[in-house]
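To start, the structure under review is shown below, and the notes come after it.
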Amino acid sequence: MSCRIQIKNATIVNEGRSFVGSVLIDHDRIDEILTSPDAVPELPADEVVDATGCYLLPGVIDEHVHFRDPGLTHKADFSTESLAAAAGGVTTILDMPNTLPPSVTREAVVEKLSIAAESCHVNFGCFIGATRTNIDQLRNIMPNLVAGIKLFMGSSTGEMEVEGDDALTAIFEQSRLPIVVHCEDNATIAANMKAHKAQYGDDPDIAHHPAIRSEEACYRSTAKAIELARLTGARLHVAHITTARELELFDPADSRITAEACLPHLIFSDTDYRRLGSRIKCNPAIKTEADRAGLRAALTDGRIRCIGTDHAPHLLREKTGGAARATSGMPFVQFSLVSMLDLVDEGVLPIERLVELMCHNPARVFGIENRGFLREGYMADLVLLRPHSPWTLTPNRIFSKCNWSPMEGHTFHWRIERTYVNGYLLYNNGQITNDGHHGRMITYMPRRAPRR
Ligand SMILES: [Zn+2]
C-alpha cells in the first residue's frame, strides 16, 4: 500500500475557500496542501489520484447518531453503520447514549467505546447520558472520554429523562462538558396525546404526529434550556431544532448557546407524511413547510451551528402503526452529505457553508482534536465527490443493517467517489475496500471549567 498519496486537480473546499489544488496524504495525516494546480509537492508521491472535476472536502463529522450498539444490535451495530457512514463520506461519528445498557455511567461508556474500538470502521466518540440520579457520574467523568453530556429534557426515552428545576440546574451548573439537549415538553405532549386519542382512538394517524409533539412543546422546552444555560453559564447545544419559532431564541454571535439541525427536518415537511407515513416519524416531529424554510434559512445566517443526522435506525416492521405506536427515528448517515449537496444545487447554501456546518463546526463545538479541517498535520479524513453524476437510491446500495431509507427512489446528483479515514481508502466507488480497517477514538481539546 502506498504511504504517500497525492490527490490532485480537485476543487478543495475548506475554511470558507474553494480552490483547485492538491492534498498530500502521508500515512494517516495530511502532509501538504498545494493551493494551485501546478504546484509541485515537497516530496514526490507514491500514488497520484487525478481528481479532475471532483470536489475534495474534509470528512463529515456526524455529531448525532444512534448506532444502537450495545444491546439493540438487531437494528444496527457499529460495524454496519460505520460502513454506511464511510459510504456517505462521514469519517467521524458521535454516538448517543440510549443503548442497552444506557451510557449513563463511566463503566457503560468504557464498554461502548471498547466495542467501537473493535468494530467501528470510522472514527468515533460518544456521549454520556444524564439521568435524574447520575450527577456524580457526570461530574466525575474523565473529560477526554466523552464528547459531552446528552440530556433528554422531558422527552420520551424512559430512564434518561430529566425534569424538575433542581436536577436540571445541578447538571447545567456542574458540567464543564458541552450539554446536548433534546428539548420537548412532556406535559404539553401528554395533553396533546390524550386529546388526540379521545378523538381518533388509541393510535392516531401519523399525520397527527406534529400536532401531538407540537411546536409549543418544542418551544417551551428549548426556551427553558436556554434560560438555564444563561443562568449557569453552561455550554448548551440544542439538538434537532424543528420549528422556525425556536430559532428566534438563538443568537448567531453567542457561541456558548448553539443549535443543531438534522437531516429529516431539513429535507421533509408534514406534506411528506402522506407519501412516507411512519417511516419519517421521528422526535421531535417533522413540522410544516414554513418551519423547514426557517431551518434552511438559518443554515446561512448562523443560527444553526451544526448539521447532524439523528441517524436512528429501526427495522421496518418496528415502524408500523401511527402517531402512538410506530417507533420514532430513521436511518440517514449514508445519505446526509449527498442530500445536503442537493440543497447546495438548489441554492439553499453554498458548499463552503455546508463544509462549515458538517465538518468544521462539529469539531469546534465539541473541541475535537486534529479533525474536521484540511490542515497540514491534521488526520487525513477526506471525502472526494463527483458533481453532475446522477444516481437513484435503491435498497441494494444501502449499507445500514435495517436496509431501508426514507430517501429510496430519490435521484441524487452528487456521488461519493472516495472516503479516506486516517489516510486509509475505506470506500472507493461503491465498494468498501477493506472492512477489517478500524477507526480511532477521537480526542478532545481541554475543556474549560464551569463558570461558577
Ligand atoms: Zn437523536
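Atoms within each ligand, like the ligands themselves, are counted from 1 in listed order.
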Using 30° and 60° as the class limits, which term best fits the ring planes of H209 and Y273: parallel, tilted or perpendicular?
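H209 and Y273: perpendicular rings.
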Is there an N/O/S atom in H240 that lies less than 2.8 Å from the Zn ion (ligand 1)?
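For H240, the answer is no, given that no N, O or S atom comes within less than 2.8 Å of the Zn ion (ligand 1).
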From the N, O or S atoms in H64, identify the one nearest to the Zn ion (ligand 1).
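When I compare the N, O and S atoms of H64, NE2 is nearest to the Zn ion (ligand 1).
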The Zn ion (ligand 1) to D310: nearest N/O/S atom name
OD1
Determine the minimum heavy-atom distance between E63 and F127, stating which atoms define it.
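Minimum heavy-atom contact is O-CE1, 3.7 Å.
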Applying salt bridge (charged side-chain N to carboxylate O under 4.0 Å, His left out) to K112 and not counting sequence neighbours gives D95
Do R213 and P284 make a side-chain contact, defined as non-hydrogen atoms from C-beta onward lying under 4.5 Å apart?
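No; the side chains remain at least 4.5 Å from each other.
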